[in-house]
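Following: one structure in structure tokens, then a few remarks.
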Amino acid sequence: MRPELLNELAQGLRPLDEGVALFESLDQHGRRTALSRLQEYCSQARATADDVAEAATRVGLKPGNTAVVVALAGRIPEPMAVQLRKLTELRPPDQQRSAFRLLVGLLSVADERRRQRCGGDCTHWWHHPPTPRSPNGGQDPA
């Protein structure tokens, strides 16, 4: 999955169901790649265990969902990065789908916080996804 698509999902510019359908159409390698990419973005956006409940709510996952439980298990004994990595390793298709949804939600919560801190002067390309009127597709020209 393209990085731009993942960011558009996290920013609510594309429906999550569209992203889930695309995710489910991928082969196992493609799914693992998408999960790994989302995990990396969540880490870069500094997602925390405190973000998990809000993320789960945003993407419609219940607190007892396996992905939510895995993400919260690292609150004290392990860093959040370890828990995010564990989400990418879930195997059954329904758990992978939940991990995808949760990671999109985590990216949404953490990225929203970062955009607020960036203010109007933000130059991060992922905060400016492509629009039909954007001549460079929202990408940093450099």
Side-chain angles (χ1 to χ4, degrees), residues 1-75 78-142:
M1 297 181 91
R2 294 179 299 107
E4 298 83 11
L5 172 65
L6 298 174
N7 281 297
E8 289 170 2
L9 291 169
Q11 291 181 33
L13 299 173
R14 286 186 185 257
L16 181 59
D17 289 342
E18 178 183 328
V20 170
L22 287 169
F23 177 76
E24 289 179 331
S25 73
L26 298 172
D27 63 15
Q28 192 59 28
H29 174 74
R31 287 181 182 196
R32 289 187 54 94
T33 300
L35 290 172
S36 293
R37 187 171 280 160
L38 276 168
Q39 176 261 321
E40 179 183 326
Y41 294 165
C42 287
S43 292
Q44 289 173 354
R46 305 214 193 298
T48 68
D50 292 334
D51 296 333
V52 174
E54 172 65 21
T57 299
R58 285 188 187 188
V59 299
L61 294 177
K62 295 181 179 177
N65 181 282
T66 299
V68 175
V69 171
V70 167
L72 288 173
R75 261 206 139 111
E78 296 178 324
M80 189 63 182
V82 172
Q83 296 314 115
L84 292 175
R85 211 169 17 258
K86 286 181 181 180
L87 288 174
T88 69
E89 298 168 0
L90 294 175
R91 294 280 185 231
D94 63 322
Q95 290 182 8
Q96 286 180 335
R97 182 175 42 257
S98 293
F100 178 82
R101 293 176 75 91
L102 183 61
L103 287 166
V104 168
L106 280 168
L107 180 57
S108 176
V109 171
D111 189 55
E112 184 177 290
R113 183 174 49 244
R114 288 184 71 175
R115 277 185 277 134
Q116 289 172 351
R117 279 188 274 184
C118 285
D121 298 329
C122 179
T123 59
H124 296 118
W125 70 264
W126 58 87
H127 292 169
H128 306 283
T131 63
R133 290 176 268 146
S134 180
N136 66 356
Q139 301 267 335
D140 184 0

Going from CZ on R101 to CG on L87, what distance comes out if it is rounded to the nearest 0.5 angstrom? 14.5 Å
Can you name the closest pair of heavy atoms from A49 and L72 and give their distance? O-CD2, 3.6 Å
List the atom of L84, the atom of S43, and the distance in Å for their closest heavy-atom pair. CD1-OG, 3.6 Å
Which is it for F100 and L26 under the side-chain contact (heavy atoms from CB on, under 4.5 Å) test, yes or no, and what are the steps along the way? CA-CA 12 Å; F100 178 82; L26 298 172; over 6 Å; no
Separation between CG (N7) and OG (S108), nearest 0.5 Å, reads 10.5 Å
Kindly state each residue pair satisfying side chain to side chain donor-acceptor pair (under 3.5 Å) with at least one member in residues 14-32, sequence neighbours excluded. E8-R14, R14-E18, E24-R97, R31-Q96
Correct closest heavy-atom pair for L103 and C42 would be O-SG, 3.3 Å
Looking at every non-hydrogen atom in both residues, tell me the closest pair between R46 and A110 and how far apart they are. C-CB, 4.3 Å
Can you give me the closest heavy-atom contact between M1 and A34, atom names plus distance? SD-CB, 4.0 Å
Measuring from atom CG of D111 to atom CD of Q44, what distance do you get when rounded to the nearest 0.5 angstrom? 10.5 Å
Excluding sequence neighbours, so at least two apart, what forms side chain to side chain donor-acceptor pair (under 3.5 Å) with R37? none
Who pairs with S36 by side chain to side chain donor-acceptor pair (under 3.5 Å), at least two apart in sequence or on another chain? none
Just jot down the side-chain contact (heavy atoms from CB on, under 4.5 Å) partners of V109, sequence neighbours excluded, or say none. D51, E54, A55, R58, R113
Which is it for S98 and L61 under the side-chain contact (heavy atoms from CB on, under 4.5 Å) test, yes or no, and what are the steps along the way? CA-CA 7 Å; S98 293; L61 294 177; 4.0 Å; yes
When you compare the side chain of K86 with that of V82, does any pair of heavy atoms fall below 4.5 Å? yes
dist F23:CZ -> L6:CG (nearest 0.5 Å) comes out at 10.0 Å
If you take all heavy atoms of T48 and L106, which pair is closest and at what distance? O-CD2, 4.3 Å
What's the separation between atom CG in L9 and atom CG in L38, rounded to the nearest 0.5 Å? 8.0 Å
